[in-house]
Amino acid sequence: MEISFLNELNESQRRAVEYTSGASLVIAGAGSGKTRVLTYKIAYLLKTGMAPSSILALTFTNKAAREMKERVATMVGEKTARYLWMGTFHSVFSRILRSEAELIGYSKNFTIYDSADSKSLIKSIVKELKLDDKVYKHGFLQSRISYAKNNLITPDAYLANTDLIKADSSSRIPLMSDIYKIYCNRCKQADAMDFDDLLLQTNVLFRNHPDVLQKYQLRFGYVLVDEYQDTNFAQYLIVKKLAEQHEKICVVGDDAQSIYSFRGANIDNILKFKSTYQNAQVFKLEQNYRSTQTIVNAANSLIDKNAQQIRKTVFSEKETGRPIKVLSVFTDFEEGFIVANNISDLRFSDNYRYQDIAILYRTNSQSRVMEEALRKQSIPYRIYGGLSFYQRKEIKDVIAYCRLVCNPNDEEALKRIINYPARGIGDTTVNKLIECAQLHAVSAWEVLTDMLKYNLAVNAGTANKLAQFRSMMEVFAEQVSTQSAYDLANSIVKVSGVIADTYTDHSPESMSRQENVQELLKAIHEFCETKQSDGEPTALLPDFLSEVSLLTDQDTDKETDKDKVTLMTVHAAKGLEFRAVFIVGMEEELFPSPFCTQNERELEEERRLFYVAITRAEELCFISFAKSRFKNGKTNFSNPSRFIKDIDEQYLEIPVEAKPKQARISDWDNDLETERNRFQHSSPKPFIKENVLPPAPKRMMKINNSGGEKIMTKNATIPTGAFVKHGVFGIGKVLETSMVNGNEKADIDFGEKGVKSLLLKFAKLEVLE
DNA sequence: GAGGAGCTTCTTTTT
DNA sequence: GAAGCTCCTC
């Protein structure tokens with residue numbers, strides 16, 4: 001059959017698209033047209049006679065799914081495309097779980113706990129068990145539970161696993177397995193699944209109900225998976241089971257862009273695909289259509305340092321392009337300033353629009369300095385990540401009401417709103433309520449429905465308040481199946497008093513809370529309208545909730561954000577591309593993250609992360625590092641990231657003094673001094689002001705600021721014999737002071753670190769009185 | 001039980 | 001620097 005759109009593909013892309021007779025793995029280098037292959041393959045399957053409802057295409061983000069659906073729709077028509085099973089793992093399988101929920105002991109309207117809900121539940125369990133929350137840290141417990149679920153280890157299997165039990169007792173958390181078990185029971189009791197459950201319970205469903213598995217095996221004639229390198233064991237197994245019979249499966253990914261192991265992603269899934277599917281065909285897409293040769297080659301030279309990888313030769317036939325510019329700066333403030341300057345330059349002399357430019361960083365907390373610098377220079381920007389719309393307090397409050405109305409057993413929702421707005425039901429009462437519920441092995445709501453029966457020990461006044469709350473919720477609950485989602489949500493915010501609570505004053509904060517609540521109502525309204533125009537029955541509140549719980553920040557993207565610079569983490573940037581990219585904060589202790597330098601495997605993942613960052617750039621890439629950075633309330637000194645050295649120098653433009661030599665600390669101090677001199681002389685204007693410095697702690701006298709302006713005073717002279725504190729060398733004793741070219745110099749004994757000669761003008765010293 | 005002051009801790013990436 | 005927590009007062 002001649003299908004004309006295949007001519008729009010290169011040879012290897014075309015071969016990957018046309019192979020549909022068995023399992024296939026498409027290794028798609030960065031920028032090699034991965035999404036193109038997926039969409040064309042789906043179009044090809046449709047053109048060759050497959051029904052759209054037989055095609056299952058799984059992605060990791062809603063955005064990727066939406067974009068792919070749109071692209072398929074332009075090729076085969078919207079009418080066909082809408083019947084495709086296309087979405088994230090979590091959304092597709094939550095849909096399947098809802099229709100099969102009763103089989104595994106959940107109800108159709110089960111709640112999805114987000115990670116804040118999980119965290120809160122874990123905290124209360126630790127508290128109820130009267131454990132020390134400094135030993136049993138909720139973050140660690142949460143990741144441990146997530147790890148277990150991702151690897152399909154049930155609480156019983158956990159208990160039987162001697163390795164895990166040993167690890168827990170050596171981490172001094174021997175009760176970990178109990179917490180895990182209680183956590184699962186509580187979720188079940190609340191009729192709630194957390195994110196990991198959506199995958200775990202799907203596996204449970206398929207394992208315990210072979211007929212159900214078979215139904216879906218027959219339904220899905222072809223399975224496609226995007227970003228396969230990011231799948232975890234639970235996802236791997238779901239996919240494997242679904243494709244077991246026919247092996248009509250195509251996975252697409254790039255092992256070099258595997259950056260989600262912290263979420264359980266297992267790079268082995270892609271590395272060992274060929275042994276899972278014996279007859280699998282492998283296609284490699286190696287031509288990069290995105291970036292200049294320099295950027296591709298630089299990225300190749302970096303990733304070459306990783307041992308774990310599927311070797312491939314990514315190449316570009318675009319122009320050579322300019323080298324990657326390395327910017328060495330003194331402070332994080334200067335970094336922001338320089339980046340902002342460069343952005344203005346690009347805009348005026350190289351004709352870049354703001355939307356062509358992105359600033360990428362390792363951690364969200366780095367966005368603040370960048371933001372300030374951009375604002376000072378009136379550069380429009382848009383920050384992705386951080387606190388998303390659905391994580392704001394007022395939004396979570398309203399959603400919690402909705403959740404409780406749809407699922408009265410939802411304990412986390414109940415805890416959140418039982419006393420919001422304040423109605424005199426305090427912590428003591430809530431604790432009693434939950435304790436009582438645990439005692440009788442029922443949900444907290446169940447206790448509320450019959451406080452006498454369960455012997456809830458509260459006084460009459462409190463009992464009355466609880467009863468009032470209960471009847472309010474019952475009135476809402478009665479309307480769940482009759483009122484539209486919008487009408488019900490509207491009466492909830494009015495009757496519950498949430499709206500009134502946001503109108504208490506006229507502060508900007510409460511104004512913005514009002515706006516947000518209105519915005520949410522608008523979103524529910526739009527949701528109902530869309531369903532209606534699709535000819536579906538009236539959208540109910542549970543319908544809205546099932547969609548909203550899997551939305552993320554990126555999905556609330558407004559199209560009104562036109563010409564703005566993009567600020568995001570490198571993780572969030574995966575899959576995106578920009579003409580110019582600034583990768584900031586390329587420092588040790590930051591990128592690679594100090595949590596990931598323990599072993600080679602983690603370090604390689606960080607290197608892949610840097611690889612992802614570089615390959616976002618089409619034309620220009622800038623890498624910057626600061627020698628000092630304000631972090632967690634204090635200034636830290638750091639060295640350039642080891643990863644900069646991993647890039648072949650021929651693709652870099654490095655300022656002389658920033659050449660990464662063996663960064664010995666004693667050399668570093670000299671570098672700092674050179675740098676400070678350079679900075680003082682070349683800086684266009686001093687933008688580091690006194691007030692950006694952290695306040696000097698009591699009993700300490702500040703000798704110097706960090707560069708721009710001299711604030712040293714005569715009486716700041718250090719007496720011989722005084723003890724001083726230095727950011728890098730620690731505490732030392734002043735041996736001698738002298739004047740060098742009009743500058744005061746001190747010889748200081750730092751003990752193990754040796755005796756250093758420092759110019760007081762430059763060295764950041766605190767005198768310990 | 002509510003709300004605020006002051007202390008401590010803790011820092012990664014997210015469907 | 002910010003969020004979370006505890007303790008204190010009303």
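Heavy-atom basis, side chains included; hydrogens, waters and symmetry copies ignored. Order of the sequence lines sets the chain letters (A, B, ...), proteins ahead of strands, with each chain counted from 1.
- The phosphate of dT12(B) has neither OP1 nor OP2 within less than 4.0 Å of any side-chain N or O from T569(A).
- Across all strands, K123(A) comes closer than 4.0 Å only to sugar-phosphate atoms, never to a base (heavy-atom distances).
- The nearest whole Å value for the distance from the OH atom in Y236(A) to the C1' atom in dT15(B) is 21 Å.
- Atom CG in N431(A) sits roughly 10 Å away from atom P in dG1(B) (whole-Å rounding).
- A salt bridge is absent between R263(A) and D230(A): the closest approach of a Lys/Arg side-chain nitrogen to an acidic carboxylate oxygen does not fall below 4.0 angstrom.
- The distance from atom CD of Q235(A) to atom C1' of dT14(B) is 12 Å, rounded to the nearest whole Å.
- Salt bridge annotation for K393(A)-D397(A): present, with a cationic side-chain nitrogen under 4.0 angstrom from a carboxylate oxygen.
- Applying the side chain to side chain contact (heavy atoms under 4.5 Å, CB included) criterion to R423(A), with sequence neighbours excluded, gives Y401(A), N419(A), P421(A), I425(A), F469(A), M472(A).
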Got a list of side-chain donor-acceptor pairs under 3.5 Å for residues 252-260 of chain A, not counting sequence neighbours?
from: D254(A); atom 1: OD1; to: A256(A); atom 2: N; distance (Å): 3.0
from: D254(A); atom 1: OD1; to: K312(A); atom 2: NZ; distance (Å): 3.4
from: D254(A); atom 1: OD2; to: Q257(A); atom 2: NE2; distance (Å): 2.8
from: D255(A); atom 1: OD1; to: K312(A); atom 2: NZ; distance (Å): 2.9
from: D255(A); atom 1: OD2; to: I310(A); atom 2: N; distance (Å): 2.9
from: Q257(A); atom 1: OE1; to: R616(A); atom 2: NH2; distance (Å): 3.3

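- When rounded to the nearest whole Å, the span between CG of D133(A) and P of dA3(C) equals 19 Å.
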Shorter than 3.5 Å, N or O on both sides, protein versus nucleotides 7-10 of chain C: list them out with atom names.
none

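- For the ring-ring contact (aromatic ring centres under 6.0 Å, His included) test, no residue two or more places apart in sequence or in another chain qualifies with Y611(A).
- Here the P atom of nucleotide dT14(B) and the CG atom of N364(A) are 6 Å apart, to the nearest Å.
- Between the P atom of dG1(C) and the CD atom of Q366(A) lies a distance of 16 Å, rounded to the nearest Å.
- Comparing dC5(C) with dT12(B), their C1' atoms are spaced 23 Å from each other, to the whole Å.
- Partners of R470(A) according to the side-chain hydrogen bond (donor to acceptor under 3.5 Å, both in side chains) rule, which considers only residues two or more places apart in sequence or in another chain, do not exist here.
- Considering only the side chain of R362(A), dT12(B) comes nearest among dT15(B), dT12(B), dG1(C).
- Note that CD of Q309(A) and CD1 of I270(A) are 12.5 Å apart. Values are rounded to the nearest 0.5 Å.
- When heavy atoms are screened at a 4.0 angstrom cut-off, F195(A) is found touching base atoms of the nucleic acid.
- Distance Y228(A) OH to dT15(B) P: 21 Å, rounded to the nearest Å.
- Note on Y260(A): only backbone sugar-phosphate atoms sit closer than 4.0 angstrom, heavy atoms only; bases stay farther off.
- Qualifying ring-ring contact (aromatic ring centres under 6.0 Å, His included) partners for F578(A), counting only residues two or more places apart in sequence or in other chains: none.
- Within the 4.0 angstrom heavy-atom criterion, no nucleotide atom of any strand lies near S91(A).
- With centres under 5.5 Å and a plane angle under 30°, the ring of F262(A) is stacked against the base of dT13(B).
- Across residues 134-153 of chain A, K137(A) each have a non-hydrogen atom less than 4.0 Å from an atom of DNA chain B (numbered order).
- S115(A) has no side-chain polar atom (N or O) that falls below the 4.0 Å cut-off from OP1 or OP2 of dT14(B).
- The residue D196(A) sits apart from the nucleic acid: no heavy atom pair falls under 4.0 Å.
- Listed by chain and number, the residues in a salt bridge (Lys or Arg N to Asp or Glu O under 4.0 Å) with R629(A) are E335(A), E587(A) (sequence neighbours excluded).
- Separating the CD atom of E227(A) from the P atom of dT14(B) is a distance of 14 Å, rounded to the nearest angstrom.
- Using a 4.0 Å heavy-atom distance criterion, S365(A) is classed as making no nucleic acid contact.
- The shortest distance between the side-chain N/O atoms of R263(A) and the OP1/OP2 oxygens of dT12(B) is not below 4.0 Å.
- Not counting sequence neighbours, S115(A) has no partner by the side-chain hydrogen bond (donor to acceptor under 3.5 Å, both in side chains) test.
- For the pair F89(A) and dT15(B), the ring geometry does not qualify as stacking, because the centroid separation below 5.5 Å and plane angle under 30° are not jointly satisfied.
- Salt-bridge annotation for K127(A) and D133(A): absent, with no side-chain N of the basic residue lying under 4.0 Å from a carboxylate O of the acidic one.
- Where A422(A) and E606(A) meet DNA chain B, the nucleotide closest to each residue was compared, and A422(A) sits on the side nearer the 5' end.
- The residue among D427(A) and L199(A) whose nearest nucleotide of DNA chain B is located toward the 5' end is D427(A).
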